[in-house]
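Computation of the quantities below employed the complete heavy-atom set of this structure, encompassing side-chain atoms and omitting hydrogens, waters and symmetry-equivalent molecules.
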Amino acid sequence: MDLFDYMRTNTMKSEAPLASRMRPARLEEIVGQQHILGKDKLLYRAILADKLGSVIFYGPPGTGKTTIAKVIANTTSAEFTQINATVAGKKDMEEVVRQAKDSLGMYGKRTILFVDEIHRFNKGQQDYLLPYVEDGTLILIGATTENPYFEVNGALLSRSIIFELKMLEKEDIKKLLLRALTDVEKGMGAYDAVMDEDALEFLADIAGGDARNALNALELGILTTERAGDGKIHITLETASECIQKKTVRYDKGGDNHYDTISAFIKSMRGSDPDAAVFYLAKMLYAGEDIKFIARRIMICASEDVGNADPQALPVAVAAAQAVERIGMPEAQIILAHAVSYVASAPKSNAASSAIFDAMDVVRHTTTTVPVHLQDKHYGGAEKLGHGVGYLYAHDFPEHYVKQQYLPDEIQGKAFYHPTDIGYEQKIAERLNRLRNR
């Protein structure tokens, strides 16, 4: 490297965004992803031993896919080259393969090819890489925000290990922000900036697990805030809110306002007000509430407050809960709004939930015995004891119904389920009344 190259490289480093400058260079500097980078995990051991095979990193933006690839580049003895699938063409790939063959043939060194946004490669481009991955000319590291099982060639998948990266935890983001705030060499330490605790909490929370988003906001805050009288740059909650381009929502996930908002959300669905329910949903999402927590509340409401008035409400809510776990934000907000608006608009009945609460109360306070004709007779000697004798098989009778005693003697005649005349439950009530009055 000549003097010009040296100066250009160092200028680019100093002018690079904070998120890029703070990217870890060593394995022990990586924050989060302990499910794959814990010291007893396969990926950690493979990187440390320089025995990595082809892998695909799959996860949301800002979770460390490129970071891990860069760490591998710094620790491996293999040649390391990188291309971005959004701009790389066939000539670029042919050049990578040519250099990899030369490196392997002349020096016995394998080549690691890091393909960012690998889901952007079309089938032909992915097929082109396959034989070179298969014969060991290339070790492939792919990074994608899309589900690789839908976007990546099945043959490549079968030759790679897929590691799913999770959204960073709030404490991980806080650790990265504090490191960037004080690091003089790569971070913003030379600016003598301080961050208020509530600003730190807000940025770590609102970043939504995206380290790049949080670091960009910190850098913008420091570079655009004037020094105070004490000579320091103070990053307040207001500054943090402006820099991440989200206003502060009064919503403390550990405080009263959290429970007030959840309460209003549930009561709006129960009260058949989809507009209010969607508003409180938006407030929770904007404040960074856990989408799985929201989905659980929708499922509960679908059963507790809608019940059999609309038997489809619970399947809609359950499907939404499964979908948001697989898809994540930001698309999950659409799925949650779908479920919330359906449940809020559905006819309501709490007859099923009232039934179980009443039955639980009777169970707690009453000793009962299963009627003899309902007891199990599928074992030797049961008939001698009279167990199961006299039981009438409902399917042998018209409408698959026959009157007989089902409740224990001690509570015979007790009613728990009182279907309403709302929605589909009206049909249930009509059928039960007709059968009981036969």
Side-chain angles (χ1 to χ4, degrees), residues 60 147 167 205-206 208-209 246 249-361 415-433:
N147 190 327
M167 301 289 282
D205 200 15
I206 212 70
K246 283 191 175 184
V249 177
R250 184 172 174 267
Y251 185 83
D252 175 8
K253 289 199 281 185
D256 292 342
N257 194 250
H258 160 78
Y259 295 105
D260 289 343
T261 304
I262 286 294
S263 177
F265 174 60
I266 294 167
K267 288 171 181 173
S268 297
M269 285 192 292
R270 180 184 297 144
S272 297
D273 190 332
D275 299 311
V278 169
F279 168 77
Y280 291 116
L281 169 65
K283 184 175 181 180
M284 290 186 290
L285 291 173
Y286 194 93
E289 182 59 79
D290 182 358
I291 56 176
K292 295 191 291 294
F293 172 80
I294 296 173
R296 287 196 295 270
R297 303 315 303 179
I298 299 170
M299 287 190 285
I300 293 168
C301 185
S303 189
E304 180 180 1
D305 296 307
V306 177
N308 288 322
D310 184 349
Q312 286 303 308
L314 184 57
V316 167
V318 171
Q322 293 173 337
V324 298
E325 283 201 52
R326 294 179 184 179
I327 294 173
M329 289 291 284
E331 291 85 353
Q333 64 185 319
I334 302 168
I335 297 164
L336 290 171
H338 174 173
V340 166
S341 57
Y342 187 99
V343 171
S345 304
K348 303 296 189 294
S349 170
N350 68 341
S353 58
S354 295
I356 188 60
F357 296 148
D358 290 347
M360 290 294 290
D361 186 64
F416 298 105
Y417 179 50
H418 302 281
T420 68
D421 59 356
I422 303 296
Y424 184 79
E425 200 162 45
Q426 181 178 18
K427 294 184 178 181
I428 296 175
E430 290 172 354
R431 179 177 185 275
L432 290 178
N433 288 332

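In this structure, CZ in F279 is found 11.5 Å from CG in D273, a value given to the nearest 0.5 Å. Of the inter-residue distances, the one linking E304 atom CD with S349 atom OG reads 11.5 Å to the nearest 0.5 angstrom. Annotation: the span from E325 atom CD to I291 atom CD1 amounts to 8.0 Å, rounded to 0.5 Å. The line from CD1 of I298 to OG of S303 is 14.0 Å long, rounded to the nearest 0.5 Å. With values rounded to the nearest 0.5 angstrom, I428 atom CD1 is found 4.0 Å from Y417 atom OH. Taking CZ of R296 as the start and SG of C301 as the end, the distance is 15.5 Å to the nearest 0.5 Å.
For D361, the salt bridge (charged side-chain N to carboxylate O under 4.0 Å, His left out) criterion is met by R364, not counting sequence neighbours. Residues meeting the side chain to side chain donor-acceptor pair (under 3.5 Å) test with Y342, sequence neighbours left out: D310. The side chain to side chain contact (heavy atoms under 4.5 Å, CB included) search around I422 returns A309, P347, T420, not counting sequence neighbours. In this structure, the salt bridge (charged side-chain N to carboxylate O under 4.0 Å, His left out) partners of R270, at least two apart in sequence or on a different chain, are D305. Every residue was checked against the side chain to side chain donor-acceptor pair (under 3.5 Å) condition with S345, not counting sequence neighbours, and none meets it. Residues satisfying the salt bridge (charged side-chain N to carboxylate O under 4.0 Å, His left out) criterion with K292, sequence neighbours excluded, are D290.
Side-chain contact between K267 and Y280 is absent, with no heavy atoms from C-beta onward closer than 4.5 Å. Side-chain contact between L285 and M329 is present, with at least one heavy-atom pair separated by less than 4.5 Å. Residues N308 and P419 form no side-chain contact, since every pair of their non-hydrogen atoms from C-beta on lies 4.5 Å or further apart. Side-chain atoms of M284 and I262, non-hydrogen and from C-beta on, do get closer than 4.5 Å to each other.
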Please step through side-chain contact (heavy atoms from CB on, under 4.5 Å) for the pair I294 and L281, ending with a clear verdict.
CA-CA 8 Å; I294 296 173; L281 169 65; 3.7 Å; yes

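Counting non-hydrogen atoms of neighbouring residues, nucleotides and ligands closer than 6.0 angstrom, the OH atom of Y424 reaches no more than 12 such neighbours.
In plain terms, the two heavy atoms of P315 and P311 that are nearest each other are CD-O, 3.0 Å. S268 and A277 get closest at one heavy-atom pair: CB-N, 3.6 Å.
With hydrogens and angles disregarded, no donor-acceptor distance shorter than 3.5 Å links the side chain of K348 to the backbone of G423.
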